[in-house]
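Naming convention: chains lettered A, B, ... in sequence-line order (proteins, then strands); numbering from 1 in each chain. Small disclaimer: the values here were computed from a predicted structure and weren't measured.
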Number of protein chains: 2
Amino acid sequence: MLAVTVGTPLLQAEQACSLFKALADPIRLQVVEVLSSGERCVCDLGADLGLAQSRLSFHLKVLKQAGLLQDRQQGRWTYYSLRPLALQQLSGWILQRIEHAAKPAAPCG
Amino acid sequence: MLAVTVGTPLLQAEQACSLFKALADPIRLQVVEVLSSGERCVCDLGADLGLAQSRLSFHLKVLKQAGLLQDRQQGRWTYYSLRPLALQQLSGWILQRIEHAAKPAAPCG
DNA sequence: GTTTCACATCAAGAAAACTTGATGCGTGTG
DNA sequence: CACACGCATCAAGTTTTCTTGATGTGAAAC
């Protein structure tokens, strides 16, 4: 068996599910895409994505609660960035599903 | 820049979103876990997971429409299995987000 | 050809997630 | 201190997704 990831703790299905739920929204995916080029403050995110403030705040909260984002407060501004470990773990969970997926079923009847 | 996946076509955000939505449900994640050990017929899946037939059928449809599952009909039975490519592509999309994620923001004000 | 079996599909209701506008709260600014 | 700014939170309404039970369909069994 080939280890897919190195030194990354493995995810339970339940944790994976939380991460998938957090990513299962087009707006949150845009947020992740923007943040994938580096940290941003909320006001920049709102401007970039053209979102009402409360709407963006809602989605940031979902992503943060899932563990996908971290935030840092500096003066009046809050900066969000990705948590690479969470992404890495989720990717690991997915890749693990592939290994024996090709095994054909025993005929049922 | 280090290429994370080799020879796998890249996913658009919209396609990634469909995949995430399909995986954003505990039952569907169980289905994926069971199928990760190989192909199964629907009746076995239903028995393994203890799900009403129509409920299982609904979730299989969601997963299949997203491109995560393929099915094969043989006699009276239908066999489902994972589509490794879809999983691989999704994993690739995730890993791509990590690369520059650590870059700090320019101070906002 | 009728019955049975494995599964898909449908319609109606229930539950969960999302949006919107209003309000609250902490932190700087004058 | 009063005010403005950046952001979080809340409540209400809307939309989406999920569940349930009933019905439909095609393939084998009789």
Practice item. Take the C1' atoms of the five end pairs on each side of the helix from C/dG1-D/dC30 to C/dG30-D/dC1, get both axes, and report the angle to 10 degrees. Key: 10°
Atom pairs under 3.5 Å: protein N/O with N/O of nucleotides 18-20 of chain D:
unit_1 : atom_1 : unit_2 : atom_2 : d
D/dC18 : OP1    : B/R28  : NH1    : 3.3
D/dC18 : OP1    : B/R28  : NH2    : 2.8
D/dC18 : OP2    : B/R28  : NH1    : 3.4
D/dT19 : OP1    : B/R55  : NE     : 3.2
D/dT19 : OP1    : B/R55  : NH2    : 2.7
D/dT19 : OP2    : B/H59  : NE2    : 2.4

Check your understanding: Taking ILVMFWY side chains as joined if any heavy atoms are under 4.5 angstrom apart, and letting links pass through other members, which residues group with A/L85?
Key -> none
Review point. Which residues pass the salt bridge (charged side-chain N to carboxylate O under 4.0 Å, His left out) test with B/R40, sequence neighbours left out?
Key: B/D48
**Study point:** Qualifying residues under side chain to side chain donor-acceptor pair (under 3.5 Å), relative to A/R97, sequence neighbours excluded
**Key:** none
**Study point:** C/dA6 base / B/Q53 side chain donor-acceptor hit below 3.5 Å
**Key:** no
Practice item. Mind checking side chain to side chain donor-acceptor pair (under 3.5 Å) for A/K64 and listing every partner two or more places apart, or none if nothing turns up? Key: A/D71
N/O-N/O pairs, protein side and nucleotides 25-30 of chain C side, under 3.5 Å:
none

Point to revise | Shared hydrophobic cluster for B/F58 and B/V42 (ILVMFWY, side-chain gaps under 4.5 Å) | key: no
Point to revise | Those residues that, when tested against B/Q74, pass side chain to side chain donor-acceptor pair (under 3.5 Å) (two or more places apart) | key: B/R72
Review point. Residues two or more places apart in sequence or in another chain: which of them pass side chain to side chain contact (heavy atoms under 4.5 Å, CB included) with A/S57?
Key: A/Q53
Revision key, fill the gap. Sorted by chain and number, sequence neighbours left out, side chain to side chain contact (heavy atoms under 4.5 Å, CB included) with A/L49 holds for A/Q30, A/V31, A/V34, A/L51
Revision key, fill the gap. Sorted by chain and residue number, the side chain to side chain donor-acceptor pair (under 3.5 Å) partners of B/R76 (sequence neighbours excluded) come out as none
Check your understanding: Please, which pairs that meet ring pair (Phe, Tyr, Trp, His ring centres under 6.0 Å) have at least one residue in residues 64-93 of chain A, sequence neighbours excluded?
Key -> A/F20-A/W93
Check your understanding: Which part of the nucleic acid does A/Y79 contact within heavy-atom distance under 4.0 Å: base, sugar-phosphate only, or nothing?
Key -> nothing
